[in-house]
Amino acid sequence: LVTIRELFKNREKYLDQKVTVGGWIRSIRDSKTFGFIVVNDGSYFEPLQIVYHDKMENFGEISKQNVGAAIIVTGTLVATPQAKQPFEIQADEVTVEGTSAPDYPLQKKRHSFEYLRTISHLRPRTNTFQAVFRVRSLAAYAIHKFFQERGFVYVHTPLITGSDCEGAGEMFRVTTLDMGNVPKNEDGTVDYTKDFFGKETSLTVSGQLNGETYAQAFRSIYTFGPTFRAENSNTTRHAAEFWMIEPEIAFADLEDNMDLAEAMLKYIISYVLEEAPEEMNFFNSFVDKGLLERLHNVVNSDFARVTYTEAVEILEKNNDKFEYKVSWGCDLQTEHERYLTEQVYKRPVFVTDYPKEIKAFYMKLNEDGKTVAAVDCLVPGIGEIIGGSQREDDYEKLRARMQELDLCEEDYKFYLDLRKYGSTRHAGYGLGFERCVMYLTGMSNIRDVLPFPRTVNNCEL
Ligand code: 4AD
Ligand code: MG
């Protein structure tokens, strides 16, 4: 079998030759003596037209196939200069690999994304979702390529963990299924100390703490894996299970961190523009009209860099535009983030040095004693796409902060230890992979860039 992509990309090689393709029927119509099938195999946008005729002994069988059926076609690839498509296959043989029931939910008309979410097993057969998931795959590859080319070591951090990296308590608990035998305390609550892991365990919200330990051995590392958050945010940008890329670099500060993040985002964008031009044109035409221009601008200009304090001054002057009014000390909401990146800077912007109260315990305290060396990267259309920081590398300062926040020292002993044995300046960040794919494609709902989204009230398949 040859892919339809291959036929389009190397058409000279295949024209007037015998080829065999396999795919799913997009549309089918016949007259008495011949018929047309449009078939798609997921490798390319352009569907391929097949012409079949009544000299084939299974003409009748072919003609009664429904949309969605899987077929294998052998025939000659013939140029069709008059038609919209550059070529078609004049079939010698069409075999039906799998029939499709007449109630196939995807018909030729455009379906809404909302409807397609209800059939997440079939939506990858539509043009939009084929483009989304090809771009998602390419972006993942680009990320590995970016870090590997720079000598970063890919570390597989655990998904089951005993600590809460972000300290936000938004964790899914992990326990054994055998609830009948779950050890109980006297008051009836579960006694996790006797559970499988001998302690209370959860699904990780971030691989950062583990990643930091490897950065203190390899200098430059990255993680790329699923993370889980039980935050009850029913928004277009939050999922309960999402993928995160977390580089961590030793002997590096916040500036180095931003330089890395900027280079990475530009690399991913350039790679996808280069490798998926048809998909990107499709998004630009059908999903988000300004997409290509915006992404090209991002690649060709520097990201803005502004402190939280400066950002708040700008936002305060525009408080009449916001639902939530801004003042120093408050966390920035999506509306504020988007205002900064879309209205003020009109490009990606790094906001640094947030008040320590609204950021995680591990961030390095700045000399002012009030802010930490945090950085969020905000992009148009989305808001926060990256969150990171320089880490507190001083044992006593970190310990004091953990005590202030009432963190259980026992759970973070390994993390504190790192500050005892050859601690270095170090920094890192987390890129939300789905938000990155949204940014690349212009898709506006996180549910539409996750193959099988897990969001509030939604865990189908
Ligand atoms: O800002 P966050 O919470 O940072 C961390 O987890 C750090 N430990 C990262 C690090 O420094 N190594 O999350 C990082 C990014 C966010 O900027 C966002 O893009 C994404 O992860 N993210 C989510 N994406 C989808 N659904 C959610 N519920 C998300 N929560 C965070
Ligand atoms: Mg964040």
Side-chain angles (χ1 to χ4, degrees), residues 117-118 120 155-213 223 225-244 246 330-331 333 356-363 387 391-392 395 398-420 430 432-434 446-447 450-461:
R117 271 175 227 145
T118 67
S120 47
V155 180
H156 299 107
T157 49
L159 300 189
I160 298 176
T161 170
S163 55
D164 179 356
C165 175
E166 295 306 299
E170 293 167 334
M171 305 187 83
F172 289 103
R173 185 163 281 167
V174 173
T175 185
T176 47
L177 197 57
D178 189 358
M179 288 311 274
N181 285 329
V182 164
K184 298 265 173 64
N185 296 310
E186 272 173 18
D187 64 359
T189 56
V190 178
D191 180 358
Y192 291 99
T193 62
K194 299 202 183 69
D195 200 2
F196 187 72
F197 295 105
K199 68 190 284 187
E200 196 172 329
T201 49
S202 309
L203 292 177
T204 191
V205 294
S206 157
Q208 178 196 323
L209 303 188
N210 303 83
E212 276 185 55
T213 73
T223 73
T227 49
F228 307 85
R229 297 209 182 167
E231 52 191 331
N232 204 354
S233 306
N234 198 355
T235 79
T236 55
R237 308 174 320 129
H238 289 88
E241 177 175 337
F242 63 99
W243 285 60
M244 191 151 53
E246 297 185 273
C330 77
D331 205 357
Q333 307 292 322
K356 67 173 183 182
E357 284 75 19
I358 57 172
K359 288 292 181 186
F361 74 96
Y362 51 71
M363 296 190 182
R391 320 305 188 188
E392 184 55 78
Y395 184 89
L398 181 61
R399 194 153 167 249
R401 185 66 184 141
M402 287 172 59
Q403 277 167 359
E404 255 171 39
L405 293 172
D406 232 5
L407 294 180
C408 168
E409 212 172 299
E410 185 63 19
D411 292 346
Y412 300 86
K413 182 178 176 306
F414 79 95
Y415 190 69
L416 272 168
D417 254 12
L418 284 179
R419 278 73 184 160
K420 259 166 68 181
F433 187 50
E434 284 69 26
I446 197 164
R447 291 162 183 79
L450 276 155
F452 300 100
R454 273 83 180 91
T455 50
V456 176
N457 294 329
N458 184 10
C459 187
E460 277 166 34
L461 263 77

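In this chain, residues are counted from 1 in sequence order.
- Not a single donor-acceptor pair under 3.5 Å links the side chain of Ser233 to the backbone N or O of Thr235.
- Pairing each heavy atom of Lys356 with each of Glu404, the nearest pair is NZ-OE1, 4.0 Å.
- The distance from the CD1 atom of Ile160 to the OG1 atom of Thr175 is 10.5 Å, given to the nearest 0.5 Å.
- With hydrogens and angles ignored, the 3.5 Å screen pairs no side-chain donor or acceptor of Arg454 with any backbone N or O of Ala240.
- At most 12 non-hydrogen atoms from other residues, nucleotides or ligands lie less than 6.0 angstrom from CG of Asn232.
- Aromatic ring centres of Tyr412 and Phe361: separated by under 6.0 Å.
- Here the OG1-CD distance, from Thr455 to Glu241, works out to 11.0 Å after rounding to the nearest 0.5 Å.
- Considering all non-hydrogen atoms of both residues, Asp187 and Thr189 come closest at OD1-OG1, 2.7 Å.
- Side chains of Glu200 and Arg173 form a contact here, defined as non-hydrogen atoms less than 4.5 Å apart.
- Within the 3.5 Å criterion, the main-chain N or O of Cys165 finds no donor-acceptor partner in the side chain of Ser163.
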- Item | side-chain contact (heavy atoms from CB on, under 4.5 Å) between Met171 and Phe228, worked out | CA-CA 7 Å; Met171 305 187 83; Phe228 307 85; over 6 Å; no

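- Here the straight-line distance linking atom CZ of Arg447 with atom NE2 of His238 works out to 11.0 Å at 0.5 Å rounding.
- Without hydrogens or angle criteria, Glu246 side chain to Gly207 main chain gives a donor-acceptor distance under 3.5 Å.
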- Message: Between Arg229 and Ser206, is the side-chain contact (heavy atoms from CB on, under 4.5 Å) condition met? List the steps.
- Response: CA-CA 9 Å; Arg229 297 209 182 167; Ser206 157; 4.3 Å; yes

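- Electrostatic pairing of Glu212 and Arg391 counts as a salt bridge here, judged by a charged N lying under 4.0 Å from a carboxylate O.
- Note that OH of Tyr395 is 11.0 Å distant from CG of Leu418, once rounded to the nearest 0.5 Å.
- Using a cut-off of 4.0 Å between Lys/Arg side-chain N and Asp/Glu carboxylate O, Glu410 and Lys413 are scored as not salt-bridged.
- Formation of a donor-acceptor pair under 3.5 Å by the Thr227 side chain with backbone atoms of Thr204 is not found in this model.
- To the nearest 0.5 Å, atoms CG (Leu209) and CG (Asp164) are separated by 9.0 Å.
- Test Glu392, Met402, Gln208 against Tyr362 for side-chain contact (heavy atoms from CB on, under 4.5 Å) and you get one pass: Gln208.
- Between Leu398 atom CG and Lys420 atom NZ the span is 12.5 Å, to the nearest 0.5 Å.
- Across all non-hydrogen atoms, the minimal contact from Glu434 to Leu450 is OE2-CD2, 3.2 Å.
- Residues Ile446 and Pro453 form no side-chain contact, since every pair of their non-hydrogen atoms from C-beta on lies 4.5 Å or further apart.
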